[in-house]
Amino acid sequence: MNKTACIVLAAGDGKRMKSIKPKVLMEVLFKPMLGWVLDSAEKLSPDEICVVVGNGEDKIGAYLETRDGKYTVARQTVRLGTGHAVMQAENVLKNCENVLVLCGDAPFMDEETMRAALKMHLEKGCGATVIAATPDNPFGYGRIVRDENGDLLKIVEQKDATIAEQHIKEINSGAYWFNSKDLLEALPKLSDSNASKEYYLTDAVALIRGSGRRTAVCTAAHKAVVLGANTRNDLYCLNSFARMAVIGDLLQKGVEFPCLDGVIIGMDVTVGQDTVILPNTIIRGKCTIGCGCEIGPNSLIEDTVIGDGVVLNNVQANRSTVDSGATVGPFAQLRPGSHIGYEVKIGNFVEVKNSDIGAKTSIAHLTYVGDSDVGEGVNFGCGCVTANYDGIQKFRTKIGNNAFIGCNTNLIAPVEVGENASTGAGSTITRNVPPNSLVVERAEPKVVHNWEKNKMRKRK
Ligand code: UD1
Ligand code: CA
């Protein structure tokens, strides 16, 4: 058989977090903790990944749907502890030889540590191998109690620990490899006679040892991998830690941060060298940023791909692409589906949505471009609008290369402006503009003489 499975515990009530959200969906660097755990588990390619759900299971189910991975789900209808949670995944245990149990609220457990623990687990032929570390503050975690030979004797929870045990600095990460058969035998023997009146998974370790099987401790390479979040304060600490880890890594790669105030960068962001990130800039989701860019200040960039030498100043960008040499902002918004071409200039108070903007086009001021295909070298005057929505349907606007859109033009879609064509300032363009032509579509001037006098007379 020789199969491995992974069980992720995610059913807990998370009362200490004081939130209507299930705890495992609370975010560290904008990614749910459960997402971090599943990302790591997937790197091991186990035969099955099972998530134990209970509190907020609909929300967790919805989150799992958004992910690419394949998961089985086990239901824990009443929360009677981590041991009870694993029991709900009995079928998973029956189907594999070794199982990795992970906590959904400990996001930093990494592939390297889990692989090292499996190696030890198999080499020593253990019934249970616990991943442990010695963090700066062990309070709240289960403590590792070793025997005189240094082998793992048992795990004692904070609430149940004697004063002497509370002085132990080495803690249980909540991640373990078990021999499935040994675990299946131990689980029914768990008791809830402890301070929390819960069936602790941690007690399975002592039971497995008691049955004559070997139990081991694998010390994590980095002490931070064991950190978990039970409270808002813990979550804040995890965010701070992860934030500085990402920034530290980018500094190593040649990214420049003159000041870190308000700078938060997600895990799935890559940034090229000599790019400068200015204060109050958040970059999250899957983003790729090229070399020699200047991003910020005051910008929010999400799921966006940015070329080299791009300047984004006070920009909100979401699910867009910005090609090399483009400058955007200040105070501009790129909404989903925008492609900003090479050396395009997007100026202040410009919004672009679901549009393709060709190379070297300039949209410098106070303009909305939505659902449009704009050619290269086009110039938009100030205050132009593509009217893409008639209240029921959305339509596209097409603008050919080198067209000139006069100030304050409304383009009523569906409509096309040909190559090299111009629109007169203040026009509301309702019909296609032929290439190389000028179209002025606005009312002829109407002069009402003595208007001021007439008004005065009526009022009397
Ligand atoms: C647990 C460990 C502790 C370890 C710590 C690491 C136990 C008894 N204790 O403590 O030794 O140091 O994790 O972070 O296991 N869960 C369920 N169903 C339940 C209870 C919990 O699915 O009935 C899930 C939670 O959603 C959470 C995980 O199990 O993801 C851990 O539960 P939690 O209550 O946070 O355990 P800790 O007190 O942190
Ligand atoms: Ca916890």
Side-chain angles (χ1 to χ4, degrees), residues 6-17 19 21-26 28 32-38 41 50-57 59-60 63 73-89 101-109 128 130-135 137-145 152 154-161 165-166 168-176 178 183 186-187 190-207 217 220 223-235 237-238:
C6 174
I7 297 174
V8 181
L9 305 184
D13 292 327
K15 285 200 193 86
R16 293 167 280 183
M17 203 55 90
S19 171
K21 252 192 190 179
K23 176 171 66 174
V24 298
L25 294 186
M26 309 294 291
V28 171
M33 291 196 280
L34 179 60
W36 287 71
V37 175
L38 291 172
C50 173
V51 183
V52 182
V53 299
N55 174 47
E57 62 173 283
K59 291 192 179 115
I60 293 172
Y63 172 67
V73 163
R75 253 182 210 91
Q76 187 190 24
T77 45
V78 280
R79 258 68 69 198
L80 301 179
T82 47
H84 180 257
V86 173
M87 271 186 232
Q88 313 313 305
V101 177
L102 296 172
C103 287
D105 65 348
F108 302 150
M109 183 50 61
V130 179
I131 297 173
T134 308
N137 180 9
F139 185 84
Y141 293 94
R143 303 300 206 284
I144 300 289
V145 182
L152 174 60
K154 60 175 179 175
I155 298 168
V156 182
E157 291 308 299
Q158 174 79 40
K159 283 186 186 166
D160 303 288
E165 286 165 343
Q166 283 176 29
I168 298 173
K169 300 266 187 298
E170 190 179 23
I171 63 107
N172 165 29
S173 65
Y176 339 67
F178 288 100
L183 184 58
L187 288 174
L190 293 178
S191 118
D192 65 351
S193 45
N194 50 52
S196 306
K197 300 269 170 300
E198 284 183 2
Y199 296 92
Y200 294 158
L201 177 62
T202 45
D203 287 347
V205 172
L207 286 167
V217 180
K223 60 184 177 182
V225 305
V226 301
L227 296 176
N230 293 326
T231 63
R232 295 278 182 172
N233 188 58
D234 293 341
L235 194 65
C237 291
L238 295 194

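When a ligand or atom number is given, it counts from 1 through the structure's own listing order.
Under 4.0 Å from ligand 1, not a single heavy atom of V52 appears. Contacts between N230 and ligand 1, counted as non-hydrogen atom pairs separated by less than 4.0 Å, involve the side chain only.
Those atoms of ligand 1 that come under 4.0 Å of a heavy atom in A10, given as number and element, are 22 (O), 26 (O). Each of the following atoms of ligand 1 lies closer than 4.0 Å to a heavy atom of T202: 7 (C), 8 (C), 9 (N), 11 (O), 15 (O). Remark: ligand 1 atoms within the under-4.0 Å shell around heavy atoms of T82 are 7 (C), 8 (C), 15 (O), 20 (C), 21 (C), 29 (O), 31 (C), 32 (O). Close approach of ligand 1 to G104 (heavy-atom distance below 4.0 Å) involves ligand atoms 30 (O).
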**OP:** Start with the C-alpha distance between V37 and V24, add both sets of side-chain angles, then the distance that settles side chain to side chain contact (heavy atoms under 4.5 Å, CB included), and finish with yes or no.
**Re:** CA-CA 9 Å; V37 175; V24 298; over 6 Å; no

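Of the candidates A74, G81, A85, G228, the one placing a heavy atom closest to atom 20 (C) of ligand 1 is G81. Across K159, E157, R79, Q76, heavy-atom proximity to atom 18 (N) of ligand 1 is greatest for Q76. Distances from atom 6 (C) of ligand 1 to the heavy atoms of S173, C103, A106 show the closest one on S173. Taking all heavy atoms of K15, R16, E198, H84 into account, the minimum distance to atom 36 (O) of ligand 1 is reached by R16.
Using cut-offs of 30° and 60° on the angle between ring planes, the pair H84 and Y199 is tilted.
Heavy-atom minimum distance, R143 versus I168: NE-O, 2.8 Å.
Between the Ca ion (ligand 2) and the N, O or S atoms of D105, the shortest distance is to OD2.
Of the candidates D160, V156, I144, E165 forms a side-chain contact (heavy atoms from CB on, under 4.5 Å) with just one, namely V156. Partner of L9 under the side-chain contact (heavy atoms from CB on, under 4.5 Å) criterion, out of L102, V53, V86: V86 alone.
Residue M17 places every heavy atom at 4.0 Å or more from ligand 1. Close to ligand 1: G142, with a non-hydrogen atom less than 4.0 angstrom away.
Residues meeting the side-chain contact (heavy atoms from CB on, under 4.5 Å) test with Y141, sequence neighbours left out: I171, L227.
Here the straight-line distance linking atom CE of M26 with atom CG of L238 works out to 11.0 Å at 0.5 Å rounding.
Regarding atom 4 (C) of ligand 1, its nearest protein heavy-atom neighbour is N172 O, 3.3 Å.
Remark: ligand 1 and K23 share an N or O pair separated by less than 3.5 Å (distance only, no angle test).
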